[in-house]
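Source: prediction; values computed, not measured. Side-chain atoms are counted along with the backbone in the values below, which use heavy atoms only and exclude waters and symmetry mates. Chain letters run A, B, ... following the sequence lines, proteins first, then strands; residues in each count from 1.
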Amino acid sequence: MSQVRVRFAPSPTGFFHIGSARTALFNWLYARHTGGVFVLRIEDTDQARNSEEFLNVIYDSLNWLGMTWDEGPKVGGAYGPYRQSERAPIYKEYLQKLLDAGRAYEKDGAIWFKLLGERSEVFDDHRKKTVTKVANTPAVIDDQIRGRVERLEDEDFVIFRSDGNPVFHFVNVVDDIAMKITHVIRGEDHLSNTSKHVELFKAFGVQPPVFAHIPLILKQNGPGKMSKRDQGALIEEYQKKGYLPEALVNFLALLGWNPGGDREKMPIEEIIRLFDLPAVNQSNARFDDKKLAHMNMVYLLEQPADRFVALARAQLERAQATAALAADPAYLREVVLLSQPKIKSLEELAAYTAYFFTEDFVVDVKVRDKVMAKGDPKARLSELAETLATADFSSDTTIEDAIKALATRTALGFGDYQSVGRLAVSGTNVGPSLTGMFRVLGRERVLARIAKFQATL
RNA sequence: GUCCCCAUCGUCUAGCCCGGUUAGGACACCACCCUUUCACGGUGGGCACCGGGGUUCGAAUCCCCGUGGGGACGCCA
């Protein structure tokens, strides 16, 4: 059997939608799974402004997600050009074939595709106009996910607008023929269009490719499919929030597909190995940002130190955490690694670590009131300061041992020192391990902060 | 309105093709445990086969009809 050739054909709108990302992903996975070719084709028949910039959104998003294309813009290939705006001669040539075969005609300045069969005028109630129906036979769509689908195409349709530009249905089919596409994997919203495409393939005397119409992603609240305006619909949102692309890819792969059994978190090689078209679900999937966030956290937790630090730094730059970025890199690294096991997303990192980089941190009054209302925190703080003044700060455990020894002496618990100590040093009641925090901040800063806090009591 | 697709916990889903399960997992939720705060983690819990008819000894699984959800009906892609 000949090599699988699939294509992802976005139009440069300036946004990269999560649904597009998943369509791209399924195509890419199928290509990688079968050892086939993944083609990127730009459907820019509309003369969009800032075209270059919009194209970069597509390239950047695909690259970020790790989906490299084998043929397409930038990398070339034997069936180029890969931008439809540069393929006009090819469309003219194919149009001529239709004209020669008597399968296209001009009307109202546009060129229409001509269906075969008996014609009759019918008034369409819904569209409030008279249309010409053609007694055609139903088109058969061979779909890897839906099975055999029949749909009757019974009206001629425009293939070239009166402004001379070809329309989507036409260019789509022509390019799939010209680029020798074997499998068309796209959203289910195209299933109804497919009868038009099948008619065109037939008119060109070409066997249609195998179709695979994947389920749509529905918005998490309210009716309908996800659209650009919905929360979480754009890939750039995840980039801005510091999501890991591999987590997003893993999540997206599971939206409408799964390998059977209980497997969820999988390395991409595993997903490629297991992915197949017939295993794709037929029903639409509702987007769930909580599950995505969880997947992202799981990936974040297992990142090696160097990568985590790099990701953290990039996120701090996006968050414009200037104090953190101005700090000594070695110090920043320690702070960030201290936080890694604790945070659920990179997005919260800047706020989570802010007090490490300024003496001017905010003291949470609610926490303060709560902590100061219990026992004798002032005394505990004095004892803690005294102990820390001479404690061995070389490691978390030596600090821990010192505080534990103090607690033993006063017949109290570690917790009695922790809550007030944390409050004095960080202004809050949440954060990384107390001893780790002390160690990274260093004795001088810790003692100074405690003294400063004591002065406010 | 016409046509097309779909239907298991709140959500993503396994199981369905090849009828017999205490209908499994994950996220979310609740409780408890762990614990040095907060998280992570662990244990447990509540939560589903859309409805009605068939077929069958037996239906989540096969068939039909409803209902519900989604999509397409452009000189957009």
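Nucleic acid contact for A/Lys265: none, since no nucleic acid atom lies under 4.0 Å from a heavy atom of the residue. Residue contacts for A/Pro432: at a heavy-atom cut-off of 4.0 Å it reaches a base atom on one of the strands shown. Contacts of A/His190 with the nucleic acid, taken as non-hydrogen atoms under 4.0 Å apart, include base atoms. Base engagement by A/Leu434 is indicated by at least one non-hydrogen atom pair under 4.0 Å involving a base atom. Among the protein residues, A/Glu150 comes within range of the sugar-phosphate backbone only, with heavy atoms under 4.0 Å from sugar or phosphate atoms but none that close to a base. Using a 4.0 Å heavy-atom criterion, one finds that A/Lys290 contacts the sugar-phosphate atoms exclusively.
Judged as a side-chain contact (heavy atoms from CB on, under 4.5 Å), and not counting sequence neighbours, the contacts of A/Ala135 are A/Glu118. Among residues two or more places apart in sequence or in another chain, the side chain to side chain donor-acceptor pair (under 3.5 Å) test is passed with A/Asn193 by A/His190. With sequence neighbours left out, A/Asn258 forms a side chain to side chain donor-acceptor pair (under 3.5 Å) with no residue at all. Legend: residues meeting side-chain contact (heavy atoms from CB on, under 4.5 Å) with A/Leu99, ordered by chain and number and at least two apart, are A/Leu95, A/Gln96, A/Ala104.
Annotation: side chain to side chain donor-acceptor pair (under 3.5 Å) contacts involving residues 291-303 of chain A, sequence neighbours excluded, comprise A/Asn250-A/Tyr299, A/Glu264-A/Lys291, A/Lys265-A/Glu302, A/Gln303-A/Arg307. Each ring-ring contact (aromatic ring centres under 6.0 Å, His included) pair with one or both residues in residues 384-420 of chain A, not counting sequence neighbours, would appear here, but there are none.
Comparing A/Ala9 and A/Phe414 along RNA chain B, the residue whose closest nucleotide (by nearest heavy atom) sits nearer the 5' end is A/Phe414. In terms of position along RNA chain B, the nucleotide closest to A/Leu292 lies nearer the 5' end than the nucleotide closest to the other residue of the pair A/Leu292 and A/Pro166.
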Pairwise N/O distances under 3.5 Å, protein to nucleotides 45-48 of chain B:
none

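Taking every heavy atom of residues 415-427 of chain A and every atom of RNA chain B, pairs under 4.0 Å involve A/Gln418, A/Arg422, by number. Near-neighbour residues of RNA chain B inside residues 105-140 of chain A, defined by a heavy atom below 4.0 Å, number-ordered: A/Asp108, A/Ala110, A/His126, A/Arg127.
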- Message: Please encode protein proximity along nucleotides 6-15 of chain B as a string of B, S and -, counting only heavy-atom distances under 4.0 Å.
- Response: SS---SBSS-
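Taking the C1' atom of each, B/A72 and B/C9 are spaced 31 Å apart, rounded to whole Å. Taking the P atom of each, B/C64 and B/C47 are spaced 33 Å apart, rounded to whole Å. When the C1' atom is used for both B/A59 and B/C16, the distance is 11 Å, rounded to whole Å.
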Please tabulate, for the side chains in residues 13-22 of chain A, all donor-acceptor contacts under 3.5 angstrom to protein atoms that are two or more places apart in sequence or on a different chain.
| residue | atom | partner | partner atom | Å |
| --- | --- | --- | --- | --- |
| A/Thr13 | OG1 | A/Phe15 | N | 3.4 |
| A/Thr13 | OG1 | A/Phe15 | O | 3.4 |
| A/His17 | ND1 | A/Gly19 | N | 2.9 |
| A/His17 | NE2 | A/Met226 | O | 3.2 |
| A/Arg22 | NH1 | A/Leu255 | O | 2.3 |
| A/Arg22 | NH2 | A/Pro215 | O | 2.1 |

For residues 341-351 of chain A, please give each side-chain donor-acceptor pair under 3.5 Å, one per line with the distance, not counting sequence neighbours.
| residue | atom | partner | partner atom | Å |
| --- | --- | --- | --- | --- |
| A/Ser345 | OG | A/Glu347 | N | 3.4 |
| A/Glu348 | OE1 | A/Lys344 | N | 3.3 |
| A/Glu348 | OE1 | A/Ser345 | N | 3.3 |

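Nucleotide B/A23 is matched to nothing when pairs are restricted to Watson-Crick or G-U wobble geometry with both distances under 3.5 angstrom. Of all nucleotides present, only B/U67 satisfies the Watson-Crick or G-U wobble test against B/A7, with each distance under 3.5 Å. Across all strands shown, B/U37 has no partner, as no Watson-Crick or G-U wobble contact with both distances under 3.5 Å is found.
Atom CD of A/Glu86 is surrounded by more than 12 heavy atoms from other residues, nucleotides or ligands within 6.0 Å. By the 6.0 Å contact criterion, NZ on A/Lys202 is enclosed, its count of non-hydrogen atoms from other residues, nucleotides or ligands being greater than 12. Heavy-atom contacts from other residues, nucleotides or ligands closer than 6.0 Å to CD of A/Gln231 number 12 or fewer.
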